[in-house]
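Proteins get letters first, then strands, A, B, ... in listed order; numbering begins at 1 in each.
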Number of protein chains: 2
Amino acid sequence: MKKVVTIGREFGSGGRYIGQLAAEKLGYKFYDRELILLMAKESGLSDEFIEESGEKITSSLLFNVAMGGMYLSNSYNNNLMPLSDKIFVVQTKIINQIANEGPCVIVGRCADYILKERDDCLNVFIHCDMEDKIERAVKFYNMNQKNIEKEIRKKDKARASHYYYYTGIEWGVAKNYDITLNSGKIGAEKCADIIYNLAK
Amino acid sequence: MKKVVTIGREFGSGGRYIGQLAAEKLGYKFYDRELILLMAKESGLSDEFIEESGEKITSSLLFNVAMGGMYLSNSYNNNLMPLSDKIFVVQTKIINQIANEGPCVIVGRCADYILKERDDCLNVFIHCDMEDKIERAVKFYNMNQKNIEKEIRKKDKARASHYYYYTGIEWGVAKNYDITLNSGKIGAEKCADIIYNLAK
């Protein structure tokens, strides 16, 4: 039995939805937006700010100069550490905490890497072809058709950079996951079934 | 229903065995060594030579200079084309032919790329952790423990180079497959079950 399922996912692949379906089937807690709220509480930063920065930024000089006036409110308030790194430290603490609390599905946030020492994790990566991403992006995120492909690529590139910056591991390379699934080809429900069968 | 299952696999991951199990469950033909025999017949080269070169070589200058005296026996005998490229041309023809003949599982040989225009293919990639590869390599291939990790890495590197040379696509990157599976974590039988359920 795998007590923790981590899901990395390309933008528009439906990975979050698949995680939710799998969590329901397994009777596991589901963390994504909720995780952000927990993080915000811990760090004293606003939900919106953390959501914005949580998966997009690496500790680029420009970002941290621009954000130079903002500091975390508690013990993570070390002015020598870039803000994005502080967020990652908080994130690491919370992900370890929720994994210890009980069975759960965690979407994104480098959870696979953070929990890599545990042997009760199933690490999943969800992706799909560009046409399927565009369809989802228009349908569920109301994204504008203009430049949509470029926008989606930008989002995935940012996720890959963020992941690599904090883990030193390439995002979306098969060997770093127990299973990877093309949600467009396989279908969200079937993906969730496979995850359920592997984790239960 | 997916009429053709292609399986890319790391050395020592049991991908060939999983392909065989899946083919049995599905009642599909299985091609690996058999494919090599077919290729040999077509090209007039010996089985051993094709097996040796089929997945290892790219068209390196040295290899083709060394092999300069050997030519294919029929219409593929174009002296301006490197021998490794001639083998790839034969391979492409045969893989298309067997996919047209009926439901099948094809292991290796860039079959996923060669059949990329078909929409009845399930493209699978099997990998596993180094310790699991070593265990299989010792058990099934009688490989010597000395330098075994280096030897295994060399074999996978060669497969990756060959694949990239002929397809321009990175081997083992999730987005290039419908599903990738860590056979060590999931187990061969379960991998075959998942493939069966997705293809049937």
Quick check on the hydrophobic clustering: are [X] and [Y] connected, directly or via other members, by side-chain heavy-atom contacts under 4.5 Å?
X: A/Ile18; Y: B/Ile194; result: yes
X: A/Tyr17; Y: A/Tyr196; result: no
X: B/Tyr28; Y: B/Leu21; result: no
X: B/Phe11; Y: B/Val138; result: yes

Heavy-atom distance under 4.5 Å to chain A: side chain of [X], backbone, both or neither?
X: B/Asn197; value: backbone
X: B/Glu10; value: side chain
X: B/Ile186; value: side chain
X: B/Leu181; value: both

For the atom pair [atom1] ([X]) and [atom2] ([Y]), what is the distance rounded to the nearest 0.5 Å?
X: B/Ile179; Y: A/Cys191; atom1: CD1; atom2: SG; value: 8.0 Å
X: A/Met130; Y: B/Lys175; atom1: CE; atom2: NZ; value: 10.0 Å
X: A/Lys185; Y: B/Tyr177; atom1: NZ; atom2: OH; value: 13.0 Å

Worksheet item: Out of B/Asn182, B/Leu122, B/Val173, B/Thr180, which one racks up the most heavy-atom pairs below 4.5 Å with chain A?
Response: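 Heavy-atom pairs under 4.5 Å are most numerous for B/Thr180.
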